[in-house]
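Below you'll find the structure, written out as structure tokens, and then a few comments.
Residue numbers start at 1 and run along the sequence shown. For clarity, every value in this text was computed on a predicted model and none was experimentally measured.
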Amino acid sequence: MRCSFIFLLLMSCRAWAGDIYVHPQGNDNSLGTKDSPLCTIQRAVRMAREWRRTSDPRTRGGVNIYLQSGETFYLDEPIFLRPEDSGTPDSKTVFLSTGKEKAVISGGISLSSHLSEKSASLNISSKKSKAPISVSRHLCSGRPLFTRSLWHSDKKLSLATAFGDYNMQRIIDFDKDAETITIPASALKDFGIFSIADAPQLEMVLHQRWAIAILRVKDFQFDGEKAILSFRNPESRWEFSHPWPQPLTEGERGASSFTLRNAKQFLDEENEWWQDYSTGNIYSFVPSDVTVPILNKLLSIEGGVNDKIHHLSFQNIAFMHSAWRRPETCGHVTLQGGFAISEAYKLTENEGLPWAKGLENQAWILRPEAAISVRNAENIDFTSCLFSHLASIALDLVSGCQNVRIEKNKFSDIGGTAILAGSFLEGETEVHRPLGMAVNGKRFLVPNSEYTENIDIIGNTVSDAANEDWGAVGIACGFVRNTRILHNSVSKVNYCGICVGWGWTPEDTGMRNNKIIGNNVSDYARILYDAGGIYTMSNQPNSIITGNTVSAPHLSPYATNFRAFPIYFDACTDGYSVYSNRLQTNATLKEKYGYNNPGPAMKVQK
């Protein structure tokens with residue numbers, strides 16, 4: 001009898017062991033049980049960390065942090081996971097919802113309880129909508145909360161723009177010496193803007209072949225039917241000094257395009273909004289129950305180079321509402337793929353460097369902000385999660401990541417790239433220098449622990465990515481190896497769908513054994529060209545592209561050339577075997593493959 005009692009007691013403890021429950025209406029001083037849940041995810045992380053630190057028996061078989069299904073956890077700081085939060089092969093730490101309905105981790109806040117005024121008047125010279133304008137604002141630490149993103153219910157609202165969503169006009173002139181851009185005067189006059197004092201927050205979004213620039217307007221002058229615009233620094237310096245890409249005034253399909261935004265005079269469509277930076281007031285035509293993001297980052301998984309974080313799992317969770325405010329303070333001039341320039345210029349004397357004799361372009365770039373970032377980690381997985389309403393990158397495997405699985409997730413309404421992985425030589429290294437190359441041209445070995453490899457990106461759905469930075473993509477991998485991109489669906493992106501490779505080089509940078517298999521890519525290159533549904537770069541021995549279905553590129557009305565392809569082998573692509581893909585073309589874009597100086601080891605089935 002005594003043995004039976006002890007057995008039942010142990011079984012009872014085992015059933016409860018390792019489970020931590022969290023509910024927004026819980027209490028962080030509670031036990032974290034199903035009947036007495038904690039309130040915050042941060043407190044649950046700390047509890048699990050203490051269990052592991054003390055080798056608590058409750059860690060045997062794993063630690064499950066259950067978030068209440070259907071509830072929203074509003075964050076006032078990101079969730080940070082560190083090496084001390086690691087699980088083990090037999091005892092993973094799992095974050096998951098309590099039921100089928102996803103728990104939501106949100107970096108936003110609702111403005112409904114912070115309404116300052118309804119149906120306010122705003123002097124707009126060309127307002128087409130007759131709907132009342134709502135005015136709202138939120139104070140954070142006693143100051144107005146500023147934003148560049150706003151959502152009403154499940155719909156993203158558009159920052160007030162001159163010509164409507166994704167509609168553009170052509171520039172007239174681009175003067176590198178004077179650092180000015182000339183546009184039709186009507187683009188300003190038609191909205192009652194006659195001096196910069198009428199629109200002090202005015203911005204230009206500029207189409208630059210495969211990238212965009214967001215430029216804050218400093219001033220403009222009228223010259224008959226033309227308006228000559230100058231811009232604020234630092235973005236003016238970046239824009240007019242970097243050689244690739246720059247806008248064209250005589251492209252084969254006409255000059256580069258532009259739109260103007262962030263002026264109260266453009267607030268004339270019911271899905272638009274505008275914020276007055278002088279007061280913090282937000283003006284919109286929708287009711288004021290809107291969500292504004294307050295955090296750039298929701299989750300940071302951060303290990304050390306010699307102390308990886310490992311064995312974590314995220315299942316059936318929604319990550320929503322992150323911010324991106326870079327253009328507000330320094331514009332946004334990009335090199336490619338959404339990577340902002342921190343310095344760039346053209347070599348004018350003795351062009352070339354030890355690894356590229358004809359190189360003329362020098363650039364240093366910054367990695368975009370991400371809602372969820374992972375660094376120096378292994379054995380991490382995201383399964384059946386939702387990533388939505390995120391203003392920049394959704395999920396970023398920054399560096400030193402191995403054995404990561406991203407499977408059956410949905411990515412929708414993403415401002416930048418949905419999934420980003422591997423180094424792109426952002427930071428201190430000139431971006432055209434091959435990975436593993438010293439400045440003097442000597443080779444060095446990149447430690448295996450720092451290389452991103454063995455990444456599985458499988459069965460995900462990506463739709464409506466790159467809707468803030470049009471030059472971002474659906475799925476982008478830089479310097480990676482042994483990476484499998486399998487059976488994903490990518491659609492509605494403004495540049496490329498799936499990109500693998502970086503560096504513009506035939507050198508051996510460690511990239512190899514990358515597989516792009518069985519994906520479906522459609523409705524891509526909606527705005528920018530020099531694009532591919534599947535896009536590769538540089539030398540990647542023993543890599544494969546097969547079994548993919550890729551539609552014809554979108555017929556972008558604003559591209560300055562016809563360089564868009566179902567599969568595009570950009571600078572020095574090599575080492576790929578390409579076969580058994582279903583590639584569609586159309587009467588205008590007839591080529592299945594695009595080539596830019598491919599290497600000798602390419603095997604492409606025609």
Side-chain angles (χ1 to χ4, degrees), residues 40-42 45 72-82 104-111 138-141 143-151 156-157 159 203 212 214 216 234-235 262 273 275 277 280 282 290-302 314 317-334 337-342 365-375 377 382 385-399 411-421 424 426-427 465-472 476:
T40 66
I41 301 171
Q42 287 88 343
V45 168
T72 300
F73 293 81
Y74 292 102
L75 304 179
D76 52 18
E77 64 171 332
I79 300 165
F80 292 100
L81 300 177
R82 303 174 174 89
V104 178
I105 297 176
S106 173
I109 189 167
S110 172
L111 291 184
H138 178 72
L139 297 181
C140 185
S141 301
R143 299 179 180 181
L145 175 64
F146 294 98
T147 184
R148 294 183 66 86
S149 304
L150 210 62
W151 289 275
K156 184 176 185 175
L157 301 181
L159 183 59
E203 298 173 357
I212 67 165
I214 301 174
R216 297 170 299 161
E235 65 263 39
N262 204 8
W273 67 281
Q275 183 172 36
Y277 291 167
I282 295 173
V290 295
T291 299
V292 56
I294 61 173
L295 297 180
N296 296 334
K297 187 176 297 295
L298 309 183
L299 171 64
S300 178
I301 302 172
E302 189 86 14
F314 300 83
I317 293 172
F319 298 93
M320 302 176 72
H321 306 126
S322 67
W324 181 62
R325 292 183 56 193
R326 175 179 171 81
E328 192 178 303
T329 55
C330 54
H332 184 59
V333 181
T334 59
F339 286 86
I341 289 170
S342 61
I365 60 173
L366 304 173
R367 200 172 186 98
E369 294 176 299
I372 296 91
S373 66
V374 187
R375 189 191 306 265
F382 293 85
C385 292
L386 171 66
F387 300 80
S388 187
H389 308 331
L390 304 173
S392 186
I393 307 301
L395 175 57
D396 187 4
L397 309 182
V398 181
S399 62
F411 297 80
S412 65
D413 183 12
I414 308 299
T417 296
I419 303 171
L420 193 66
F424 287 79
E426 68 282 355
N467 61 31
E468 286 286 341
D469 185 337
W470 302 341

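- Going from atom CZ of Arg367 over to atom OG of Ser392 covers 11.0 Å, rounded to the nearest 0.5 Å.
- The two atoms that bring Asn467 and Trp470 nearest to each other are O-NE1, 3.7 Å, heavy atoms only.
- The side-chain contact (heavy atoms from CB on, under 4.5 Å) test with Phe382 singles out one residue from Ile317, Ile372, Ile419, and that residue is Ile372.
- Closest non-hydrogen pair, Pro327 versus Arg216, comes out as O-CD, 3.4 Å.
- Of all heavy-atom pairs spanning Ser412 and Leu386, the tightest one is OG-CD1, 4.3 Å.
- Counting only heavy atoms from C-beta outward, the side chains of Phe339 and Pro368 approach each other to under 4.5 Å.
- Side-chain contact between Ile341 and Thr334 is absent, with no heavy atoms from C-beta onward closer than 4.5 Å.
- A side-chain contact (heavy atoms from CB on, under 4.5 Å) with Leu295 is found for one member of Ile109, Leu75, Asp76 and no other, namely Leu75.
- Counted by atom type alone, Lys156 and Ser149 present zero donor-acceptor pairs between their side chains at under 3.5 Å.
- The heavy-atom pair separating Gly416 from Ala472 by the smallest distance is C-CB, 3.5 Å.
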query = Passes side chain to side chain contact (heavy atoms under 4.5 Å, CB included), Glu328 versus Asn262? Steps please.
reply = CA-CA 10 Å; Glu328 192 178 303; Asn262 204 8; over 6 Å; no
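- When all heavy atoms are compared, the tightest approach of Glu468 to Ala391 is CG-O, 3.7 Å.
- Using a 4.5 Å heavy-atom cutoff, the side chains of Leu299 and Phe319 are in contact.
- The heavy-atom pair separating Gly280 from Phe146 by the smallest distance is CA-CE2, 3.8 Å.
- Rounding to the nearest 0.5 Å places CD of Gln42 at 10.5 Å from CZ of Phe73.
- Contact check on Arg82 versus Glu302 returns no salt bridge, with no Lys/Arg side-chain nitrogen under 4.0 Å from an Asp/Glu carboxylate oxygen.
- Two residues are said to be in side-chain contact when any heavy atoms from C-beta on lie closer than 4.5 Å; Met320 and Ile105 fail this criterion.
- Rounded to the nearest 0.5 Å, atoms SG (Cys330) and CD1 (Ile214) are 10.5 Å apart.
- Here CD1 of Ile393 is found 11.5 Å from CG of Leu397. Values are rounded to the nearest 0.5 Å.
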Q.
If you apply the rule salt bridge (Lys or Arg N to Asp or Glu O under 4.0 Å), what do you find for Arg325 with Glu369, and how did you get there?
A. CA-CA 10 Å; Arg325 292 183 56 193; Glu369 294 176 299; over 6 Å; no
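- Salt bridge absent: Asp396 and Arg375 never bring a charged side-chain N and a carboxylate O closer than 4.0 Å.
- Remark: the Trp151 side chain and the Asp413 side chain contain an N/O donor-acceptor pair separated by less than 3.5 Å.
- The CZ atom of Phe387 sits 5.0 Å away from the CG atom of Leu395 when rounded to the nearest 0.5 Å.
- With 3.5 Å as the limit, one finds no donor-acceptor pair spanning the side chains of Ser106 and Thr72.
- Side-chain atoms of Thr291 and His321 form no donor-acceptor pair, as typed in the model, at a separation below 3.5 Å.
- Phe314 is listed as a side-chain neighbour of Ile301, based on a closest heavy-atom distance under 4.5 Å.
- Atom CG of Leu390 sits about 4.5 Å away from atom CD1 of Ile414, to the nearest 0.5 Å.
- By the 4.5 Å heavy-atom criterion applied to side chains, Leu159 and Trp273 are counted as neighbours.
- Side-chain contact between Val398 and Val374: absent, with no pair of heavy atoms (C-beta onward) separated by less than 4.5 Å.
- Glu203 and Arg148 are joined by a salt bridge, as a carboxylate oxygen and a charged side-chain nitrogen come within less than 4.0 angstrom of each other.
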